[in-house]
*Asks:* 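Here it is, the structure in full.
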Amino acid sequence: QVQLVESGGGLVQPGDSLTLSCAASGSVFSSHVMAWFRQVPGKEREFVSAIRWGTGASYYAESVKGRFTISRTKADKMLYLQMSSLKSEDAAVYSCARGNSLGYSPTSYSFWGQGTQVTVSS
């Protein structure tokens, strides 16, 4: 079991940067994969990025590659998503999730946070 709590969302302008955090309490093992997904109303949850907890290997959706960076600190079980050069299409509710293996579908992840809103608007 793990509880995930996101923070760091907010209102930013296009081109700005923002860092999201996800605090995990409970079990996060080296074998786990932690991921960020995002969702806008009326659309399915979309994969953003994932990281292998043990090795730190990271994966990104094409739409955010080069702009977003996922990272983690194992000691305090924190997951981060550094977002730069934000665009209006990045606006969404961002959620972190824990899975047992890497997947690009939400179904690969069993535990979810409640999400944090990112609004990108001038």
Side-chain angles (χ1 to χ4, degrees):
Q1 292 280 348
V2 66
Q3 292 76 46
L4 303 171
V5 179
E6 302 93 338
S7 61
L11 171 63
V12 296
Q13 295 186 341
D16 282 354
S17 299
L18 193 66
T19 296
L20 305 182
S21 300
C22 172
S25 57
S27 302
V28 185
F29 301 132
S30 293
S31 58
H32 288 136
V33 175
M34 298 291 292
W36 288 98
F37 283 77
R38 64 187 182 188
Q39 189 172 26
V40 298
K43 290 193 174 182
E44 293 187 355
R45 201 169 262 176
E46 175 191 23
F47 172 82
V48 176
S49 182
I51 189 168
R52 295 189 185 276
W53 196 254
T55 65
S58 57
Y59 308 85
Y60 298 93
E62 283 298 322
S63 59
V64 307
K65 201 172 287 186
R67 299 188 298 122
F68 290 13
T69 302
I70 192 170
S71 62
R72 90 286 192 235
T73 52
K74 296 170 72 174
D76 56 5
K77 297 185 212 174
M78 291 294 298
L79 178 71
Y80 302 98
L81 185 69
Q82 296 173 273
M83 305 183 294
S84 63
S85 303
L86 282 162
K87 307 174 181 179
S88 57
E89 52 262 44
D90 294 319
V93 174
Y94 284 72
S95 299
C96 61
R98 193 202 80 179
N100 293 326
S101 60
L102 176 66
Y104 300 99
S105 166
T107 58
S108 296
Y109 300 85
S110 302
F111 296 94
W112 293 83
Q114 83 288 350
T116 185
Q117 177 73 52
V118 173
T119 303
V120 184
S121 176
S122 55

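Numbers here are sequence positions counted from 1.
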*Asks:* Find out whether Val5 and Gln114 are in side-chain contact, i.e. whether some heavy atom of one side chain is under 4.5 Å from a heavy atom of the other.
*Replies:* yes
*Asks:* How close do Ala91 and Val120 get, heavy atom to heavy atom, and via which atoms?
*Replies:* CB-N, 3.8 Å
*Asks:* Treating Lys77 as the side-chain partner and Gly26 as the backbone partner, does any N or O pair qualify as donor plus acceptor under 3.5 Å?
*Replies:* yes
*Asks:* Answer with yes or no whether the side chains of Arg52 and Tyr59 bring together a donor and an acceptor at under 3.5 Å.
*Replies:* yes
*Asks:* Whether the side chain of Thr116 engages the backbone of Gly9 through a donor-acceptor N/O pair (distance < 3.5 Å, no angle test) should be reported.
*Replies:* yes
*Asks:* Atom CZ of Phe29 and atom CH2 of Trp53: how far apart are they, to the nearest 0.5 Å?
*Replies:* 12.0 Å
*Asks:* Is there side-chain contact between Ser25 and Gln3, with heavy atoms separated by less than 4.5 Å?
*Replies:* yes
*Asks:* Say you draw a straight line from OG of Ser27 to CZ of Phe111; how long is it, rounded to the nearest 0.5 Å?
*Replies:* 8.5 Å
*Asks:* Between the main-chain N or O of Gly115 and the side-chain N or O of Glu6, is there a donor-acceptor pair closer than 3.5 Å?
*Replies:* yes
*Asks:* Are the side chains of Leu86 and Ser17 in touch, meaning some heavy atoms are under 4.5 Å apart?
*Replies:* no
*Asks:* Measure the shortest side-chain to side-chain distance between Val64 and Arg38 over non-hydrogen atoms and say whether it is less than 4.5 angstrom.
*Replies:* yes
*Asks:* Applying the 4.5 Å side-chain criterion to the ILVMFWY set and letting contacts propagate, would Val2 and Trp36 be lumped into a single cluster?
*Replies:* yes
*Asks:* Quick one: OG on Ser121 to CD on Gln13, what's the gap to the nearest 0.5 Å?
*Replies:* 8.0 Å
*Asks:* Examine Val48 and Tyr80 and state if one hydrophobic cluster contains both, with Ile, Leu, Val, Met, Phe, Trp and Tyr joined whenever side-chain heavy atoms are less than 4.5 Å apart.
*Replies:* no
*Asks:* Over 60° means perpendicular and under 30° means parallel, so classify the ring planes of Phe47 and Tyr104, tilted if in between.
*Replies:* perpendicular
*Asks:* Give a yes or no on whether Val12 and Val93 share a hydrophobic cluster (residues Ile, Leu, Val, Met, Phe, Trp, Tyr; joining criterion: side-chain heavy atoms under 4.5 Å apart).
*Replies:* no
*Asks:* Is a donor on one side and an acceptor on the other found under 3.5 Å between the side chain of Ser85 and the backbone of Arg67?
*Replies:* no
*Asks:* If you define the side chain from C-beta out and look only at heavy atoms, does anything of Leu81 sit under 4.5 Å from Tyr94?
*Replies:* yes
*Asks:* Any chance you could measure Arg72, atom CZ, to Leu79, atom CG, to the nearest 0.5 Å?
*Replies:* 9.5 Å
*Asks:* Is there a side-chain contact between Glu89 and Ser63, using heavy atoms and a 4.5 Å cut-off?
*Replies:* no
*Asks:* To the nearest 0.5 Å, what is the distance between CE (Met83) and OG1 (Thr19)?
*Replies:* 7.5 Å
*Asks:* Is the shortest side-chain heavy-atom distance between Asn100 and His32 below 4.5 Å?
*Replies:* yes
*Asks:* For the side chain of Arg45 and the backbone of Phe37, is there at least one donor-acceptor N/O pair under 3.5 Å apart?
*Replies:* no
*Asks:* Here's a test for you: under side chain to side chain contact (heavy atoms under 4.5 Å, CB included), which of Ile70, Leu102, Val33, Thr69 qualifies with Ile51?
*Replies:* Ile70
*Asks:* Identify the heavy atoms of Met34 and Cys22 that sit nearest to each other, and give their distance.
*Replies:* CE-SG, 4.5 Å
*Asks:* Under 3.5 Å, is there a donor-acceptor pair between the Thr107 and Ser105 side chains?
*Replies:* yes
*Asks:* Nearest 0.5 Å, what's the OG-CG distance between Ser122 and Leu11?
*Replies:* 10.0 Å
*Asks:* Angle class for the Tyr109/Trp112 ring planes (parallel below 30°, perpendicular above 60°, tilted otherwise)?
*Replies:* perpendicular
*Asks:* Which is it for Ser95 and Gln39 under the side-chain contact (heavy atoms from CB on, under 4.5 Å) test, yes or no, and what are the steps along the way?
*Replies:* CA-CA 8 Å; Ser95 299; Gln39 189 172 26; over 6 Å; no
*Asks:* Work out which heavy atom in Ser21 is nearest to a heavy atom in Met78; give both atom names and the distance.
*Replies:* CB-CE, 3.8 Å
*Asks:* Would a 4.5 Å heavy-atom cut-off, applied to side chains only, mark Leu18 and Asp16 as touching?
*Replies:* no
*Asks:* Under 6.0 Å from the CD atom of Gln1, do we count more than 12 heavy atoms belonging to anything else shown?
*Replies:* no
